[in-house]
Amino acid sequence: MNITSRLECPYYLITRASYVLASTVKTALVEAGLERMKPAYMGVLWVLWIEDGIKSNELGRKAGLEPSTMTSLLDRMERDGLVERRDDPHDRRVQNIFLTTDGRAIKEPVLATMNDAMSRLFGDLPQKDLERMMGVLRKLLEKDKEGIAP
């Protein structure tokens with residue numbers, strides 16, 4: 001690869017696109033009256049909506065977050081009333097993370113808002129292009145899982 005400008009640099013393009021996505025989602029959440037919900041919470045919530053009560057280290061792994069990031073994110077989510085930490089009854093060194101009533105109730109409005117925001121951003125993109133883009137991003141994420149990406 002021979003990068004000669006920022007518009008030829010995958011890193012630049014992905015990080016800028018990520019900013020646009022997060023900004024759009026944040027604005028959509030506020031407009032929908034979901035101010036407590038932050039775009040950064042999505043990965044954790046998606047895991048908990050499927051597997052509530054998971055160990056915090058397993059939650060971080062499944063959400064793709066580093067332990068130090070996970071701790072501060074859970075602090076904010078707990079402060080915002082979406083999750084609660086509970087000591088594991090079998091191992092006092094471990095905490096399990098549970099959705100609160102609000103954390104469960106927010107699922108449908110958040111997913112509807114996400115769908116609307118993604119439609120605004122990608123609605124005019126041909127479906128085959130969207131699928132190809134997501135495929136490329138999944139391949140990049142698989143490299144991280146395989147230990148290829150540092």
Side-chain angles (χ1 to χ4, degrees), residues 10-91 93-150:
Y11 171 78
Y12 175 82
L13 293 171
I14 290 170
T15 55
R16 293 303 303 152
S18 178
Y19 173 78
V20 169
L21 284 162
S23 179
T24 300
V25 169
K26 182 178 181 181
T27 298
L29 290 167
V30 170
E31 289 171 354
L34 300 165
E35 297 82 14
R36 287 187 303 166
M37 179 61 200
K38 309 293 186 263
Y41 298 172
M42 285 306 302
V44 168
L45 287 174
W46 261 314
V47 173
L48 290 173
W49 287 331
I50 294 167
E51 191 175 354
D52 196 17
I54 192 171
K55 291 182 169 107
S56 59
N57 61 342
E58 183 73 5
L59 175 59
R61 187 184 63 72
K62 288 184 175 189
L65 299 170
E66 296 293 324
S68 59
T69 303
M70 191 68 203
T71 300
S72 62
L73 187 65
L74 288 173
D75 288 344
R76 293 193 311 272
M77 292 179 76
E78 197 168 34
R79 177 202 67 210
D80 289 339
L82 300 173
V83 300
E84 64 182 0
R85 295 172 169 113
R86 296 184 200 159
D87 291 335
D88 186 299
H90 306 292
D91 187 346
R93 299 168 297 170
V94 175
Q95 288 187 319
N96 296 329
I97 310 303
F98 289 85
L99 291 165
T100 62
T101 301
D102 287 350
R104 283 186 295 282
I106 204 169
K107 179 181 180 181
E108 294 307 318
V110 165
L111 292 179
T113 302
M114 287 291 293
N115 284 321
D116 288 344
M118 294 303 102
S119 292
R120 275 189 256 157
L121 283 172
F122 298 111
D124 60 347
L125 193 65
Q127 186 65 28
K128 65 179 173 115
D129 291 347
L130 182 59
E131 288 171 11
R132 183 167 183 195
M133 177 191 67
M134 290 190 303
V136 168
L137 293 172
R138 284 185 200 107
K139 284 182 182 180
L140 181 62
L141 293 174
E142 285 172 14
K143 289 181 184 227
D144 183 52
K145 284 183 184 176
E146 296 167 5
I148 297 169

Heavy-atom closest pair, residues Phe122 and Met133
CE2-CE, 3.7 Å
Check for a donor-acceptor pair, side chain of Ser18 on one end and backbone N or O of Ile14 on the other, with a separation under 3.5 Å.
no
Under a 4.5 Å cut-off applied to non-hydrogen side-chain atoms, are Arg132 and Asp129 in contact?
no
Does Asp102 reach the side chain of Asp80, with side-chain heavy atoms less than 4.5 Å apart?
no
List the steps, then state whether side chain to side chain contact (heavy atoms under 4.5 Å, CB included) holds for Leu99 with Leu45.
CA-CA 8 Å; Leu99 291 165; Leu45 287 174; 3.6 Å; yes
Looking at CD of Glu108 and OG1 of Thr113, how far apart are the two atoms once the value is rounded to the nearest 0.5 Å?
11.0 Å
So do the side chains of Val110 and Met42 get within less than 4.5 Å of each other, counting heavy atoms only?
yes
Between Ala22 and Pro39 the two heavy atoms that sit nearest each other are O-CG, 3.6 Å
Side chain to side chain, Asn96 and Arg85, heavy atoms closer than 4.5 Å
no
Heavy-atom pair with the smallest gap, counting every atom of Val47 and Ala63
CG2-N, 4.0 Å
Evaluate the side chain to side chain contact (heavy atoms under 4.5 Å, CB included) criterion for residues Val44 and Leu82: first the C-alpha distance (whole Å), next the side-chain angles of each, then the deciding distance (0.1 Å), finally the verdict.
CA-CA 11 Å; Val44 168; Leu82 300 173; over 6 Å; no
Pairwise side-chain contact, Asp52 with Arg104, heavy-atom cut-off 4.5 Å (strictly under):
yes
Taking C-beta and beyond as the side chain, do Asp87 and Gln95 meet within less than 4.5 Å on heavy atoms?
yes
Can you give me the closest heavy-atom contact between Leu48 and Ile97, atom names plus distance?
CD2-O, 3.5 Å
Looking at CE of Met37 and CE of Met77, how far apart are the two atoms once the value is rounded to the nearest 0.5 Å?
6.5 Å
Mark yes or no for whether Ser23, through its side chain, and Tyr19, through its backbone, hold a donor-acceptor pair below 3.5 Å.
no
Straight-line distance of Ser56 OG to Leu73 CG, nearest 0.5 Å
12.0 Å
May I ask you to say whether Arg61 pairs ionically with Glu58, meaning some side-chain N is under 4.0 Å from a carboxylate O?
yes
Counting C-beta onward and ignoring hydrogens, is there a side-chain heavy-atom pair between Tyr41 and Arg36 closer than 4.5 Å?
no
Please round to the nearest 0.5 Å and tell me the distance separating atom CZ of Arg120 and atom OG1 of Thr24.
7.5 Å
Are the side chain of Thr100 and the backbone N or O of Gly81 linked by a donor-acceptor pair below 3.5 Å?
yes
Indicate the atoms forming the closest heavy-atom contact of Lys107 with Trp49, along with that distance.
CA-CZ2, 3.4 Å
Looking only at heavy atoms, which two atoms of Asp124 and Leu121 are closest? And how far apart?
OD1-O, 4.1 Å
May I ask you to check whether over 12 heavy atoms, not counting those of Lys26, lie within 6.0 Å of atom NZ?
no
Would Met118 and Val25 satisfy side chain to side chain contact (heavy atoms under 4.5 Å, CB included), going step by step from the backbone distance to the final call?
CA-CA 8 Å; Met118 294 303 102; Val25 169; 3.5 Å; yes
